[in-house]
Amino acid sequence: MLSVFCSGEVVCEPPNNKLDRFSGTLYWKESKFPLSNQNMLLRGCVLRNTEWCFGLVVFAGPDTKLMQNSGRTKFKRTSIDRLMNTLVLWIFGFLVCMGVILAIGNAIWEHEVGMRFQAYLPWDEAVDSAFFSGFLSFWSYIIILNTVVPISLYVSVEVIRLGHSYFINWDKKMFCMKKRTPAEARTTTLNEELGQVEYVFSDKTGTLTQNIMVFNKCSISGRSYGDVLDVLGHKAELGQKPEPVDFSFNPLADNKFLFWDPTLLEAVKMGDPHTHEFFRLLSLCHTVMSEEKNEGELYYKAQSPDEGALVTAARNFGFVFRSRTPKTITVHEMGTAVTYQLLAILDFNNIRKRMSVIVRNPEGRIRLYCKGADTILLDRLHPCTQELLSTTTDHLNEYAGEGLRTLVLAYKDLDEEYYGEWAQRRLRASLARDSREDRLASVYEEVESNMVLLGATAIEDKLQQGVPETIALLTLANIKIWVLTGDKQETAVNIGYSCKMLTDDMTEVFVVTGHTVLEVREELRKAREKMLDSPHAVGNGFTCSEKRSAKLTSVLEAVAGEYALVINGHSLAHALEADMELEFLETACACKAVICCRVTPLQKAQVVELVKKHKKAVTLAIGDGANDVSMIKTAHIGVGISGQEGIQAVLASDYSFSQFKFLQRLLLVHGRWSYLRMCKFLCYFFYKNFAFTMVHFWFGFFCGFSAQTVYDQYFITLYNIVYTSLPVLAMGVFDQDVPEQRSMEYPKLYEPGQLNLLFNKREFFICIAQGIYTSVLMFFIPYGVFAEATRDDGTQLADYQSFAVTVATSLVIVVSVQIGLDTGYWTAINHFFIWGSLAIYFAILFAMHSNGLFDMFPNQFRFVGNAQNTLAQPTVWLTITLTTVVCIMPVVAFRFLKLSLKPDLSDTVRYTQLVRKKQKAQHRCLRRVGRTSSRRSGYAFSHQEGFGELIMSGKNMRLSSLALASFTTRSSSSWIESLRRKKSDSAGSPSGGADKPLKG
Amino acid sequence: MKRTSKDSRCKLPDNTALKQQQLPAYQLQLSATGVLSGFFATGVFCLGVGIILILSAKSIKEIEIKYTEICGNCAKLREDATNFDKECTCSIPFYLSETMQGNVYMYYKLYGFYQNLYHYILSRSNSQLVGTDLKDVGNCAPFSKSHDGTPIAPCGAIANSIFNDTIILSYNLNSSIPIKVPMLRSGITWWTDKYVKFQNPSSINLSSAFAGTTKPPSWAKPVYELDEEDPGNNGFLNDDFIVWMRTAAFPTFKKLYRRLNRIQYFTEGLPAGNYSFNITYSSSLFLGLAYTVTGAVTWLASFSMMAVHLLLKDRKMLFIQQ
């Protein structure tokens, strides 16, 4: 085949990111074939129920539409990083300023004083004027004072981040036992940003949900089954589930299927006709394909997991769908094989929201089985079933309240004549040239009426473990969660409800589904007006319609009441245009929850980018699949769910773990701590460098601005590396303000990070001021003492070397006490480092000033004997003590007063914890599910149209797989065409009936 | 950070306190009792130390005599560096109204003499001063070698600018015969300086040891003839020289010159009477004052903090009860 093809040629459009369009032409054997999106298989697609197909790779690698959608990889840096760079530049400017001041001082001094001092110290030969001397002194001071520009800061920051990353990797509570995957920090540079997240963008499938549908409950002729009951017959609480129902009677049962209510099986075994009919419907009315590799080993290939779940349920309850041909369906009903003749499949589409099959059973009776959305189906029932209808409706409400997807099942007997006539009409409609769809729909509509209600099913779209709790907790922490999904609106909204993003307590859920710019704009405007007009709104004066956007923002931020926004992909495309994006953003940000459905990967990234650009907030994107890669890359922080759909998301991510619920721990515990530690670390680091360096500046005024350092050169070398680095590193790695359980209990503790309160320019100036204050005392107290004092034996005290040792010692002690105050969490390691640093300082001091080293290198170790002579003086110790007291006391007083007058939440939490050590801390229970919902679900949501036709044509059956070989022939591929067309239609225009708000 | 090995992906992280961030730790809590008692204690301590220091500083007597102006002629002579070898004496009488009890020290104090200039401090050769290598004058610029290239011993700007006034204190007992007050020129240096940092080069006698070197340009006599009375006080081991070589931290400084030898009339100290020339002594009044002030401020702070704390206590309790 390929060798035959090698003469062909494809001319097509250049690579682009439009998923729904493709145009090209295939030239082969001198004939032209148009290529459209219908002929394309996009990268990432899964080919189902098809053994093989021939294809031609048009684009590969980075040219594929998927990769074109993935966006550029950007270098990610934290906001603290950027702030740090700015600050370092400022500090550099400050350094130059100091250099200039001291250089001017030097020039003046040389001119006024140094000139006369030349007898004792002539100028260097190169220096010919005071001005030139000042110039040289500028450079000398730049070198001496360069320690204000913290070069070791960057290294230390990286070390701390590395430590935090290891803590994430090591966290047992973020280890998924089932998949045996630990959490992984794949980037080490973003940790503290985790403590500042304000917006979380989440994918749905695979992230919030497991993409597993489970047949959970059902209502059969007015009786509800599926509640988990304990021995006494009460509804059991979670966690104490009894044994699942035993399906061993059925050799064809699927072992993985679990059901907890034995009464349903009893009803089946008793031979209750309604129950039998119920499961018969489930085993007949679907588009599932079965495959039996060995006898009894059935595999169902369902195009939507919902259907799979329903057919599997029927299978386990004794109605095993065994095989199908285009015209028949074989079902094992309680062990006996029954073959039904399949007369018609009335396929699903978004408007009908139901599907039906018409079958003839072996006795020859024709029956229509229908399943569909309750809203649609309940109107089409026979009026005689009112009582049953109301009980079933109650059940449906109950199920919907639990976030389950519901379907209503009904049947209708048809007599032979009527069917024959109807089949004729259907054939005519399907052959119609124009408005074939509408005609078919009306034909279908006709037969699907006056049906008899059988019952309802409830399918659980299994959420990942702990998703509602996590979302509730993150919402309490003032993190806004946006769900961006490629799924349909109904599915997304349903999941929104089941994971408690949307609740019935919400004032209103706005749904934006406009197709044109004007519609979308209008819908957004209405939503904003409603928010402002509601009685909850704070600014009641702002009812006028012409509002400037700046004003709007401020007003909308203060909107009371809870709103949610659901927006469709095609509306989003308009909303993201340059002139409307701000309007959209304002509206969306005023809502508590935002759900964007039917979005392309690139739109996901655009939404993230929009928030990133205009809200100045830290964004986090979490997803599991290749379609989330672009958003993961765009957001400040990308999180990949590992062990699911593949590894593209994980590879693009910065953090990965296997369960959505770990996000709360990543943000509220690790992120919060990282941010806190980093901020404390930075504050202290700037403080200690300023305290250290500024002493030289003050000394400059006393040494003729000659760039003489205050300290011994070895002290300068070792100060940042040895004497003060480890305690602050230990603090940066290990510090905790409140224990991890508390940060989960009090999500408000997360807020300082979002507001960037712990390290900003103001905090930076406070640190700098404290550093300068310390340096002033550090210099002038010893100066005041030394100017007058002598040693006890009457000899001189104020020699340069003694002064250097005194200042250095008091500096080391003061910064050690300061780190002791800053360290909130004294582990053994902190103790070791802090005391160790002090010990090391004295050890090195005495070693450097020892006779032995001087004997070996007299010119290098000039301070011989200094330590023992200076530190033996009570005056020196009194000076050091005084300096320490004066430097530290104001800090303690300030912190104490702040604690008393304006305590932070974390202070209060700690304090409360201290007081109530014995009392059990209050536990914030999440509200239990008991929600009575007024909303209903639609038909199995992930279902797509076109499969009925596919089955009836028999093209996907194995026996007719030969037909696939002639893929290129136009005639036989017409069903594929129509399937694809419908697919693209439904992608382009889903759910016309969903324009009205979901609740209202 | 990327883990490549397959099995590390599957391993449950160790359940150690370190890895799970559960290390036992002490949480620093600024409790009211702790802070306030700390403040009061510090206040008491500082006040106590301050008062003791002030009292001890009060008991110390100090007389400072500036002779630059009185001996103006000599000063003028000295201003021209070329006149360094000209003798110039001047006498200043003063009256001591009270006996100076105990040890009496005589200092010289220089105003505006920058011993802490960067180039000045560096301009010395420790290996020369320790006697190992007399020829090592590498760091001594601009006073490393004389014009003819002979290395200077001791080299460098510090040594060259040595304070070389001779001060003799005489006591006029009967207002007629001046008695020379006995003074000790030993024990005015650090032990480590005298025995470790400064050593004469080993040789039969000092003058031969210093052969091949020349005296610093400002010096009148070579280093081995600094003390004519005590031959052991010569060379690099001369006490005045060692004291000068320990550079001062600030431009105004004083250095110990002589100690009173408490013999004859002077066993009790320096009796009251007429003297000529210069006696000084001091301890740090500054430190005492600083401590007193700190103590007082700390006390004030503690009182105000206690007031704040007591005022807020009710509110805080209320908060906890909520």
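Residue numbering restarts at 1 for every chain, and letters A, B, ... go by the order of the sequence lines.
- The shortest distance between side-chain heavy atoms of A:Val892 and B:Phe39 falls below 4.5 Å.
- With a 4.5 angstrom heavy-atom cutoff, A:Phe854 touches chain B only via side-chain atoms.
- Heavy atoms closer than 4.5 Å to chain B are found nowhere in A:Asn830, neither backbone nor side chain.
- Contact of A:His670 with chain B is made through the side chain alone, with heavy-atom distances under 4.5 Å.
- Contacts of A:Ala707 with chain B are made by backbone atoms alone, with heavy-atom separations under 4.5 Å and no side-chain atom involved.
- When heavy atoms are compared at a cutoff of 4.5 Å, A:Val885 approaches chain B solely by way of its side chain, counted from C-beta outward.
- At a 4.5 Å heavy-atom cutoff, the contact between A:Thr881 and chain B is made by backbone and side-chain atoms alike.
- Neither the backbone nor the side chain of A:Met174 comes within less than 4.5 Å of any heavy atom of chain B.
- Side-chain contact annotation: A:Asn859 with B:Asp136, donor-acceptor N/O pair under 3.5 Å present.
- If you measure heavy-atom distances from A:Phe803 to chain B, the contacts under 4.5 Å come from the side chain alone.
- Remark: the A:Glu740 side chain and the B:Gln22 side chain contain an N/O donor-acceptor pair separated by less than 3.5 Å.
- No part of A:Val669 comes within reach of chain B, as not one of its non-hydrogen atoms sits under 4.5 angstrom from that chain.
- For A:Leu797, no part sits under 4.5 Å from any heavy atom of chain B, backbone or side chain.
- The candidate from B:Asp14, B:Leu18, B:Leu23, B:Asn116 with the greatest count of non-hydrogen atom pairs under 4.5 Å with chain A is B:Asn116.
- Between chain A and the options B:Gln21, B:Gln115, B:Gln20, heavy-atom pairs under 4.5 Å are most frequent for B:Gln21.
- Most heavy-atom pairs under 4.5 Å with chain A, from the set B:Gln128, B:Arg259, B:Lys255, B:Arg246: that is B:Arg246.
- Side-chain atoms of B:Tyr120 and A:Tyr800, non-hydrogen and from C-beta on, never get closer than 4.5 Å to each other.
- A:Phe734 touches chain B through its side chain: at least one heavy atom from C-beta onward sits under 4.5 Å away, while N, CA, C and O do not.
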Report the C-alpha separation of A:Tyr783 and B:Phe250 in whole Å, then their side-chain angles, then the decisive distance to 0.1 Å, and conclude whether the ring pair (Phe, Tyr, Trp, His ring centres under 6.0 Å) test is met.
CA-CA 8 Å; A:Tyr783 169 75; B:Phe250 304 110; 4.5 Å; yes
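- Comparing A:Ser140, A:Cys176, A:Gly865, A:Cys703 by how many heavy-atom pairs each has under 4.5 Å with chain B, the most go to A:Cys703.
- Among B:Thr192, B:Leu117, B:Leu256, B:Val196, the residue making the largest number of heavy-atom pairs under 4.5 Å with chain A is B:Leu117.
- Of the two parts of A:Phe699, only the side chain, counted from C-beta on, holds a non-hydrogen atom closer than 4.5 Å to a non-hydrogen atom of chain B.
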